[in-house]
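In what follows, a structure is listed as structure tokens, so that the remarks can point back to it.
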Protein chains: 2
Amino acid sequence: MDIPLEAAFVCPPGLRIDWGHPENCADRLPMTTRSKRPTVSEVARLAGVGTTTVSRVINGSTRVDPNTLERVTRAIEKLGYMPNQAARILRGARTRTIGLLIPSIADPFFSSCAEAAQAIARVNDSLLTVITTQNDPHVEIENLNVLMRHQTDGLIIAPANSQSPVLRDIVQRLTVPVVAMDRPLLNAGISSVLADGFAGAQEATQHLIEHGRRRIVCLTGEATLYTIRERIRGYRKAVESARLPCILDTSIRDYKSAEYAVQSMMSEAEPPDAFFTLKNSTTIHAFEALQKLKIAIPESVALVGYDDFELAATVRPSITVVQQPVDEIGRIAAEILFENLAQIGVRPHHMEPQCVQLKTRLIRRSSCGCSVLAG
Amino acid sequence: MDIPLEAAFVCPPGLRIDWGHPENCADRLPMTTRSKRPTVSEVARLAGVGTTTVSRVINGSTRVDPNTLERVTRAIEKLGYMPNQAARILRGARTRTIGLLIPSIADPFFSSCAEAAQAIARVNDSLLTVITTQNDPHVEIENLNVLMRHQTDGLIIAPANSQSPVLRDIVQRLTVPVVAMDRPLLNAGISSVLADGFAGAQEATQHLIEHGRRRIVCLTGEATLYTIRERIRGYRKAVESARLPCILDTSIRDYKSAEYAVQSMMSEAEPPDAFFTLKNSTTIHAFEALQKLKIAIPESVALVGYDDFELAATVRPSITVVQQPVDEIGRIAAEILFENLAQIGVRPHHMEPQCVQLKTRLIRRSSCGCSVLAG
DNA sequence: CGATGCCATGGCAACGATACCACAAAGCAG
DNA sequence: CTGCTTTGTGGTATCGTTGCCATGGCATCG
């Protein structure tokens, strides 16, 4: 089966369509890969010099005669020479590849982090290898070993368990720099980049309290992760400071459990007047359940979610959320990693680990009780 | 600044929380990486054998005496030996790394593809290196070269321009297998895996026609991509078969332009009675604009979108969409790539390129006029 | 004028794993 | 007992690059 080319879309008259960049970039294709790639000695032979000189030209390490430089450069171009990475690495060079160990690529939070990290890797002339762990510590350790076998220069990891002594020991024994992202790896002596979930949750809860809400239920979803636990701490701090009850519900996993939980809570003697959901999927499930049960938001119950998502502003009512600086997290984690990498060999001891906590932002929309003009 | 551990979440009485896997996997940490990794010769010395024998044990290529096997295995474990990838690659082995060139990781469509491809890479004992191109042909070619420098075993690419002669030439000159994903690379002689946008769009348009819609406007958004053009073909086929007008609007880029476009079309003498949007962002912008302008969906205009998204079922009215088999696309692309990889050296000539077209699915919700029970 | 220093350059070894060849010992048929 | 294969094993060259050291030419200085 083949794509029929003749049937391709023909631009109708009067309809201007931009066909993209002109692509006059034929000048920059250096033969890419051929069956047998030329080597330094072949270049050297053609240029009439020694292999060392060719190497010097490539790496620009020592001064070479302008005349020789010219000849060698021409030989390199003529043969389409490209240094062999493997040989360089064998001689001790970096692989120019960093690893990213995250629970899932499909998760919008982590895919945004990955995108930002990849951009930083690119400006540092490195590649990014992504591995998903599904938050399984076994998979995590397994693949950490895989990355080390591949001699990755460094590693960004979102640990499934921030307190895992096993992971901590392994990471401490590594000779390559590691940066924790989104969740710390406690007492491992590595840098970490996270959003301040405690402050974010506290601010959101506080906001609901200011709206006069008194029975604020925190819908945690599964509460094993460090991030979720921090958010719970923030919620707890806020309600306890206001002498309000601290009510946690960890039961919501999907739409069905959300409907059940919401229904049973709303039919209690003292029903909640606000829900604070700690992650995206829980927010959506709770929102769906409330709509299905025809419970008015924010009149009957207010709703505030943690983590922003594309349609939070579009649904009716629009949903107030705690927004995390996703791009920043990935970007800074990668930046710190490359800073560490740059330090290797310069100092006898590694850089002091730093813990970056980024501020979250409360995006006020309608579901919390704020009257927001749509748009 | 350090994370206060003592302040960590304490499980309240009566609230069962699953703390995750037990992590009793301390047995599987093979020293990972040390300052100076042991080599075959060190293992050989310890086991009292030659390096060749050690190599044979590692690769299980030839029979070795059970006795020797035992000794070597023990030596490997004792030293925590791990073969040096770079040396192997220099000797001609695979890098066990494949590249994925996509416009963006943050895009839900491509992140799902990436996730699926990564899973296949894992079962083939390989890593996946992700590079984003932002649909820029220059970046695309640039990074294709970067991947080749890194000696990637193979490549999955979503070409920015399916008809680019430059990209086609480069790909044809590559010695590693390449698979096109989501969009073909025409006449390059490589396999491609795509969703059938023509059929999907045709079916969706047909569906609107069956609902009695007569003026169906196709909101394309930017229409440079192959996929979008295929969808336009499908839409056109359907309306032309029904002798209905073919009305394309390529102007929508964001919420503002959507509002303008919708408003001006609705105030025409013959306003549209349905919108068919060709991609996610356009669907959302059009939906927002219709809501803002208080135009009833589906009473005044019906709406069908291309590409499903998480909240399409949650918003009111829920949105009817053409769903693409995202996971399948990534999975099959990777599978074909590894099949090609397995063929290298077996046959003198490469595998016959295949073009896989996957079926889409029309998800009937409310916005098209179908009365759907929520849930 | 001879000694000293700098510059440009080349030869060679080494990084670590493995394919190839060689060889010894053992088994086995004639 | 001889000539053959089979089995287990080791030595060594090689992959392509780069660091170290050596060398020859030229300029500078006492």
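Chain A is the first sequence line, chain B the second, and so forth, proteins listed ahead of strands; every chain is numbered from 1.
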Distance in angstrom units between [X] [atom1] and [N] [atom2], rounded:
X	N	atom1	atom2	answer
Leu79(B)	dG16(C)	CG	P	14 Å
Ile89(B)	dA17(C)	CD1	C1'	11 Å
Glu70(A)	dA8(C)	CD	P	16 Å
Ile58(B)	dA19(C)	CD1	P	11 Å

If you round to the nearest 0.5 Å, how far is CG of Leu46(A) from CG of Leu79(A)?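 Atom-to-atom, Leu79(A):CG and Leu46(A):CG are 5.0 Å apart.
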Value rounded to 0.5 Å, distance of NE2 in His150(A) from CE in Met82(B):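 The NE2 atom of His150(A) sits 11.0 Å away from the CE atom of Met82(B).
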Checking Glu335(A) now: which residues fulfil side-chain contact (heavy atoms from CB on, under 4.5 Å) with it, not counting sequence neighbours?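 For Glu335(A) the side-chain contact (heavy atoms from CB on, under 4.5 Å) partners, ignoring immediate neighbours, are Ile120(A), Arg331(A), Ile332(A).
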Any side-chain heavy-atom pair from Gln85(B) and Ile89(A) closer than 4.5 angstrom?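 The answer is no, as the side chains (C-beta and beyond) never meet within the 4.5 Å cut-off.
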Once base and sugar-phosphate atoms are separated, protein heavy atoms under 4.0 Å mark nucleotides 5-16 of chain D, 5' to 3', with B, S and - as ---SBBBB-BBB
Which pair of heavy atoms, one from Glu42(B) and one from Arg37(B), lies closest together, and at what distance?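 Here Glu42(B) and Arg37(B) meet closest at OE2-O, 4.4 Å.
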What pair of heavy atoms forms the shortest contact from Ala47(B) to Ala75(B), and how long is it?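 Smallest interatomic distance, heavy atoms only, reads CB-CB, 4.0 Å.
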